[in-house]
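What follows is a short report on a single structure.
In what follows, chains carry the letters A, B, and so on, assigned in the order in which the sequence lines appear, proteins first and then strands, with residues in each chain numbered from 1.
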Amino acid sequence: MEKITFDQLHEQLYYEKLNNGLDVYILPKHGFNKTYATFTTKYGSIDNHFLPPGKDDYVKVPDGIAHFLEHKLFEKEDGDVFQQFSKQGASANAFTSFTRTAYLFSSTSNVEQNLETLIDFVQAPYFTEKTVEKEKGIIGQEITMYDDNPDWRLYFGLIQNMYENHPVKIDIAGTIESISHITKDMLYECYETFYHPSNMLLFIVGPVDQEQVMKMVKDNQDHKEYKELPEIKRKFEDEPVAVAQKKQVLQMNVQTSKCLVGIKARNVTQSGKEMLKKELSLNVMLDILFGKSSEHYSALYNEGLIDETFSFDYTEENGFGFAMVGGDTSNPDRLADTIKKILLEAKGTITDESIERTKKKKIGAFLRAVNSPEYIANQFTRYAFNDMDLFEVVPTLESITIADIELAANELIGEEQFTVCQVVPKK
Amino acid sequence: MNIISETVKPMAGYKVHIVKTEKYKTNTIVWKMKAPLKKEDVTLRALLPYVLQSSSEEFPTTGKLRSYLDELYGGSLFVDLAKKGEFHIISLSMEVANEKFLSDPTPLLKKAIEFLAGLLMRPNVREGAFHKETVENEKRTLKQRIQSVYDDKMRYSNYRLVQEMCKEEPYSLHVHGDMNNVDSITAESLYEYYQNAMKTDELDLYIVGDVTEEEVVGLAEERFQFSERTPQLIDSDKYKQKNNFHEVIEEQDVKQGKLNIGYRTNIKYGDEDYYALQVFNGIFGGFSHSKLFLNVREKASLAYYVTSRLESHKGLMMVMSGIDNKNYDQAIRIINEQMDAMKSGDFSEEEIVQTKAVIKNQLLETVDTSRGIVEILYHNVVSKKDISLDEWMEKMDHVTKEDIIAVANKINLDTIYFLTGKGDVK
């Protein structure tokens, strides 16, 4: 077991790669009541075109299947796993994103037993035609719930505007139509491809003894047979630099309009330190331009174009990335034009003084975030899947210069990469 | 064992609550103001904290104020409004890094307390009125905030249920006030309300983190001074016995129907049977092992979410679910059956043990966050009780099956509210 110390943060992280390829991380947090553990596979909604192990042909699976699989993994022959967790005083959950599926629990007692339950249920799929059919009703309601949610529609509408071919444009839960085609055999095929321990990461944070927990996980894994898995082969079509659609207006049953401006990133093949620096540089830039202390924020707010829902973010994964800026507004077209103008003229606004101030703000925000075991486990995993290190955030932030921001901005901001999505009240 | 060690000190016109812990990398400060919910001033009260956090005498523009917070290593500042029973509560919260984790030794806690005191005690005021533009901007944002409830159908249907259910009671007022009263507010009338609130509200200052009592009390003494007051109480028992079941169906352009059901529990925070009510709620609909989750979702596949929750200071329980419009009758039938099962004791010893374990887990998790600690402790201010978390858990441990059945039989169905898609009304 490797020990990694973060002096400034007063934290110690323990790591080991097990024989079957599973990455296990333990971050002891004494003084906390709760232990939080996530068991995550590098498999999300975008992984819909792949070569199943031992097969010669690529398969394309229905939209929403990764999320469907996440739901179904909780059900076993003798009932659902939620029951077992709650008997052990834990609460369990799961989520599916574009690139990951995570299973998790939190508990303040019976931690090792709960950890065993977590690992075992994820590693023992049980799918039948009957239970697959039953789930279609439940997920159907989840999809309908999101259909009525204007913020979700706006967010997804913007991503759909950006991407021509990349499966990030597919709604994570799929559609009622697409999930109707899912069968138990397809679920097993996805499972066999993506749930091998060597494609997964276990993160445990809480008041635990690292030696004892690591031993327990090892013993558990040593008792299970895994054949070595060949490298996972995923297929993605080429994606043009330009956005697929410049503008989309959705009419919905709302009283307040909403507007998001998006910029589709190019050169999204980086990972590790390069990716971390770029992502942080762009987030520092957006904060300088649009943060609450910026002149632009005050001007937009005083003009009545934005309110407290206004937000901005840049995020990148292997194969796609985007910036988003916007929120509720009284004038969606004017807001879109103004945001775009600010971004195109970004360079003149960035000064050394504003960078230093924003770095301080971001460092404080990071300390706030690492109070949260959930944040640590989920973000650490996301970073690790991109060969980045969560605990490098502060030193990387400190190293950012005006040149880094200009470089990242030049790459991001181009006329053909802009797009707009709006939600407006139905006439 | 003391899960939370809280020190409370009476100060000039307020109390300071100190929770010393080394768990966090930040220190948290929460300022709370409590007054009865009233139709006449609910909108003024909803506007006030947003004006206070926008600017102050020292930082006359939002840009300057927020730049200062950035300099304090991204000190966070935010406002929250809540209804607890018949009280309307304002919270202003700040969180700053503990400089122990920084290479820069600036005393951030001290600066943050001084900053917050500045916002509250020396607002941006000229000639007996708040800064006019700030008030107008915040009035506009308040209107958008009220309006936005309509756009989130889950929040909207919950709000509509409470509005229908508590029609004649202050509790039906919206926490962000009334749209029709925003325009008439002026910079003068708001300032007058501010002065009055500072004189009569019950005030509490919470500080959670790696602090010493001496330091905090010293800073509070120096920076926060108010006149003595007697907190205003209200007689909320007069709404207890009402029982006039009604059903409200509203039609809108939505794909998914939103079903919200309100019950009167006739039990409030700190009552002897409150702990049994918590266990009741957990078995009935509070968790993913509950009767509602198992029967409405897992067995009948009618919903993705179905849950029940308590409003502890008002004595309400609310069920919420999203269902297909056509499944209304079936969903109601199943939910009623679960309530009947609870009333007749059709639940196992195992379900009780399981539920207690999960509630205990939930409470302990809540106090892993500084905000969670403050919210748990504040229950005692609202209810005028003095219940420690340890006592809370011990009393829950002693709850029996008979206690839960007795609680179930005190609960009355009050209102069913259903937001349904167009053309689906039966």
Chain A heavy atoms under 4.5 Å from [X]: which part of the residue, side chain, backbone, both or neither?
X	value
B:Ser76	both
B:Ser67	both
B:Lys100	both
B:Ile359	neither
B:Arg140	side chain

Can you find a heavy atom in the side chain of [X] that is under 4.5 Å from one in the side chain of [Y]?
X	Y	answer
B:Asp151	A:Val423	no
B:Met154	A:Met145	yes
A:Lys87	B:Glu350	yes
B:Tyr50	A:Glu308	yes

Between [Y] and [X], is there a side-chain donor-acceptor contact under 3.5 Å, judged purely by atom types and distance?
X	Y	result
B:Asn361	A:Ser107	no
B:Glu365	A:Ser106	yes
B:Gln144	A:Asp328	no
B:Asp152	A:Asn149	no

Between [X] and [Y], which heavy-atom pair has the shortest distance, and what is it?
X	Y	result
A:Asn33	B:Leu364	ND2-O, 3.0 Å
B:Asp70	A:Ser293	OD2-OG, 2.6 Å
A:Arg357	B:Glu71	CG-OE2, 3.4 Å

Find the distance between [atom1] ([X]) and [atom2] ([Y]) and round it off to the nearest 0.5 Å.
X	Y	atom1	atom2	result
A:Ile363	B:Ser103	CD1	OG	7.5 Å
A:Asn371	B:Thr26	CG	OG1	4.0 Å
A:Ile138	B:Leu302	CD1	CG	9.0 Å

* Do A:Gln8 side-chain atoms and B:Phe101 backbone N/O form a donor-acceptor pair below 3.5 Å? ->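 Yes; at least one donor-acceptor contact below 3.5 Å.
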* **B:Arg66 side chain to A:Gly291 backbone, donor-acceptor under 3.5 Å** => no
* Asked: Within 45° of the ring axis of A:Phe32 and under 6.0 Å from its six-membered ring centre, is that where the NZ or CZ of B:Lys23 lies?
  -> yes
* Identify which part of A:Lys426 has an atom lying under 4.5 Å from any heavy atom of chain B, answering side chain, backbone, both or neither. =>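 Side chain only.
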